[in-house]
2 protein chains.
Amino acid sequence: MSAAEKHDVFQAIADPTRRKVLQLLAEGDLPISEITSHFSMSRTAIAKHLHILSEAELVSGRKVGREKRFRLQPEPLAELKQWLSFYDQFWDNKLSILKHVIENSGENGLKVIEKEKDTDEPS
Amino acid sequence: MSAAEKHDVFQAIADPTRRKVLQLLAEGDLPISEITSHFSMSRTAIAKHLHILSEAELVSGRKVGREKRFRLQPEPLAELKQWLSFYDQFWDNKLSILKHVIENSGENGLKVIEKEKDTDEPS
DNA sequence: TTGACATGAAACCAAATGGTTTTATATAAT
DNA sequence: ATTATATAAAACCATTTGGTTTCATGTCAA
């Protein structure tokens with residue numbers, strides 16, 4: 001595959017097979033052969049996709065027994081999210097503004113302003 | 001380039017040059033040659049990138065005089081945003097929960113509920 | 001210990017990608 | 001009318017991508 005450069009998250013999610021792999025792993029860790037069973041292509045092909053996802057650090061694999069179990073690592077998606085947030089300003093709906101505020105607030109110090117309606121205990 | 005299938009938004013943003021083109025167009029409409037002046041590659045190459053962006057409907061071009069002016073069309077990024085939002089649940093910070101709520105609320109009637117943090121996955 | 005299972009690694013391949021150069025055409029400016 | 005500008009379209013090219021098949025290796029189970 002790629003001789004030199006590592007794949008980034010943008011490249012990693014460009015392929016529909018890889019997106020489906022991510023979705024599968026979202027439900028729980030899986031070994032390669034199990035993942036492969038959800039596709040109509042060879043195990044080797046899936047292994048290569050996992051390698052690319054791994055380079056982008058969207059998944060990590062650890063060997064357990066004779067299996068190699070893969071786990072979803074969603075952290076790099078934050079980069080995508082941040083990239084996307086720049087384009088929020090070109091949408092003209094109000095939610096994007098609110099979201100922008102939230103994105104730029106720290107882990108703490110969350111302040112949410114409620115509109116007139118007063119809601120207690122939702123289910 | 002691609003013989004049959006149109007490029008989608010995931011493929012379109014996979015290339016750094018194309019992302020830079022989008023960023024440029026965010027500042028305003030531009031004709032091809034103007035866009036090209038910001039890169040160290042041929043006009044033809046840029047035209048091809050614009051074609052791919054166009055297939056993904058991230059830009060549109062209209063001819064004005066002898067120029068073809070391109071404009072950013074951010075709407076397809078909503079698909080990306082939606083795709084991303086699925087993975088919010090795998091982050092364990094509170095912001096992602098809040099954002100999820102906002103994403104799923106209507107234009108009015110914003111209700112925000114603070115939840116206790118759960119899920120400490122055993123490694 | 002002998003298989004069966006799970007993966008790794010390599011060689012190979014067609015098509016797509018990302019670029020180039022060349023040639024042609026339409027519009028603008030002098 | 002001539003020339004310069006802006007783009008389009010085509011042919012070409014090297015590398016990457018996304019897949020295959022084949023062979024080797026490590027591990028579990030009987």
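None of the values given here were measured: they were computed from a predicted structure. In the text below, chain A, chain B and the rest are named by the order of the sequence lines, each starting its count at 1.
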Sugar-phosphate only, base, or nothing, as touched by B:R69 at under 4.0 Å among non-hydrogen atoms: nothing
Interatomic distance where CD1 belongs to A:I52 and C1' belongs to D:dT17 [whole Å]: 7 Å
For D:dG19 and A:S42 - does any side-chain N or O of the residue sit under 4.0 Å from the phosphate oxygens OP1/OP2? no
Distance, rounded to the nearest Å, where B:R19 contributes CZ and C:dG18 contributes P: 11 Å
D:dA6 OP1/OP2 closer than 4.0 Å to side-chain N/O of B:K68: no
Considering just the side-chain nitrogens and oxygens of A:Q11, establish if one lies under 4.0 Å of OP1 or OP2 belonging to D:dT16. no
Can you tell which of C:dA11, D:dT7, C:dT22 lies closest to the side chain of B:T44? C:dT22
Write down the distance between CD1 (B:I35) and C1' (D:dA6), rounded to a whole number of angstrom. 13 Å
What is the distance, rounded to the nearest whole Å, between atom CD of A:E67 and atom C1' of C:dC5? 10 Å
On a heavy-atom basis, which atom in A:S42 and which in A:T36 lie closest, and how many Å separate them? C-CG2, 4.0 Å
Counting only side-chain nitrogens and oxygens, does A:H49 get under 4.0 Å of the OP1 or OP2 atom of D:dT17? no
Can you tell me how far P of D:dA8 sits from CD1 of B:I32, to the nearest Å? 4 Å
What's the closest nucleotide to the B:K48 side chain, out of C:dT7, C:dT20, C:dA11? C:dT20
Nearest-nucleotide pick for A:T17, side chain only, options being D:dG18, D:dG19, C:dG18: D:dG19
DNA chain D: 5'-proximal contact among A:R18 and A:R43 (nearest heavy atom): A:R18
Over how many whole Å does the gap from B:E55 atom CD to C:dG18 atom C1' extend? 14 Å
Tell me whether the side-chain N/O atoms of B:H7 come closer than 4.0 Å to OP1 or OP2 in C:dT17. yes
Distance below 4.0 Å between B:S33 side-chain N/O and D:dT7 OP1 or OP2: yes
Listed nucleotide nearest any side-chain atom of B:M41, set D:dT17, D:dT20, C:dT20: C:dT20
Give a yes/no answer on whether the side chain of A:H51 brings an N or O atom under 4.0 Å of OP1 or OP2 in C:dG8. no
Measure from CG on B:L50 to P on C:dG19 and round the result to the nearest Å. 12 Å
Of the nucleotides C:dG18, C:dT20, D:dT27, which has the atom closest to the B:A45 side chain? C:dT20
I'd like to know if the side chain of B:R19 reaches the main chain of B:A14, judged simply by a donor and an acceptor atom lying under 3.5 Å from each other, with no hydrogens or angles considered. yes
Let's see if you can work this out: which of D:dG26, C:dG18, C:dT7 has an atom nearest to the side-chain heavy atoms of A:R66? D:dG26
Atom NZ of A:K6 and atom P of D:dT17: how far apart are they, to the nearest Å? 13 Å
Does any part of the side chain of B:D88, heavy atoms only, come nearer than 4.5 Å to the side chain of A:K81, both counted from C-beta? yes
